[in-house]
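When reading the values below, keep in mind they use all heavy atoms of this one structure, side chains included, and skip hydrogens, waters and symmetry mates.
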Amino acid sequence: MSSVIEYKGYTGSVEFSESDMLFYGKVLGIRSLIMYEGKDVDSLLNDFHESVDLYLESCKADKREPEVPYKGNLNIRLSPEIHHNAALRAMAFRQSLNSFIQDAVKEKLARA
């Protein structure tokens, strides 16, 4: 079983509490707290789907945009040395630092 589940673009964690004999989780990648639980996989998935749907419905009713996980914006902290070296390497490849870092992440993910 995977440790994450997906529905309508939202990713949720999957945990298990042995003491409660219960699966549970929360939606990842957004600030709003959306939690769900179930006694078995089917009930966990149903509660996850219902929780996401309820969140989306409440956003619509309140006339606010739902949070979008992983929008593509990421703030990272690098040491000054790494930042400097990456900027120089990006310039050598005639790339922006952003596209250089994106390529480096893609390359790392392809090897994973």
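Applying the side chain to side chain donor-acceptor pair (under 3.5 Å) test to pairs two or more places apart or on separate chains, those with a residue in residues 8-17 are Lys8-Asp53, Ser17-Ser19, Ser17-Asp20. Pairs of residues two or more places apart, or lying in two chains, never qualify as side chain to side chain donor-acceptor pair (under 3.5 Å) while including a residue from residues 77-90.
Applying the ring pair (Phe, Tyr, Trp, His ring centres under 6.0 Å) criterion to His49, with sequence neighbours excluded, gives Tyr7.
Looking at Asn46 and Ser43, their side chains never bring a donor and an acceptor atom within 3.5 Å of each other.
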Side-chain donor-acceptor distances from residues 61-74 under 3.5 Å, at least two apart:
residue	atom	partner	partner atom	Å
Glu67	OE1	Arg31	N	2.6
Glu67	OE2	Ser32	N	2.9
Glu67	OE2	Ser32	OG	2.4

For residues 92-102, tabulate all N or O donor-acceptor pairs below 3.5 Å that involve a side-chain atom, not counting sequence neighbours.
residue	atom	partner	partner atom	Å
Gln95	NE2	Ser99	OG	3.3
Gln95	NE2	Asp103	OD2	2.6
Ser96	OG	Ser99	N	3.0
Ser96	OG	Ser99	OG	3.4
Ser99	OG	Ser96	O	3.3

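Residues Leu28 and Leu54 are members of separate hydrophobic clusters, defined by side-chain heavy-atom contacts under 4.5 angstrom among Ile, Leu, Val, Met, Phe, Trp and Tyr.
A 4.5 Å side-chain heavy-atom check between Glu107 and Leu109 finds every atom pair outside the cut-off. Contact check for Phe48 versus Glu50: no side-chain heavy atoms found under the 4.5 Å cut-off. Between Lys26 and Ile34, every side-chain heavy-atom pair lies at or beyond the 4.5 Å cut-off. The side-chain heavy atoms of Tyr36 and Val27, taken from C-beta on, include a pair separated by under 4.5 Å.
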Before you tell me yes or no, could you show the steps for Val4 and Val14 under side chain to side chain contact (heavy atoms under 4.5 Å, CB included), namely the whole-Å CA-CA distance, both residues' side-chain angles and the distance that decides it to 0.1 Å? CA-CA 6 Å; Val4 295; Val14 176; 5.8 Å; no
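Atom CE of Met35 and atom OH of Tyr24 lie 8.0 Å apart (nearest 0.5 Å). Atom CG of Leu33 sits about 11.0 Å away from atom OH of Tyr55, to the nearest 0.5 Å. The CG atom of Asp40 sits 11.0 Å away from the CE atom of Met21 when rounded to the nearest 0.5 Å.
Residue Leu88 is found in a hydrophobic cluster whose other members, listed by chain and number, are Met91; membership requires side-chain heavy atoms under 4.5 Å apart, directly or through intermediates.
Asp47 places a side-chain N or O within donor-acceptor distance of the main-chain N or O of Glu37, the cut-off being under 3.5 Å.
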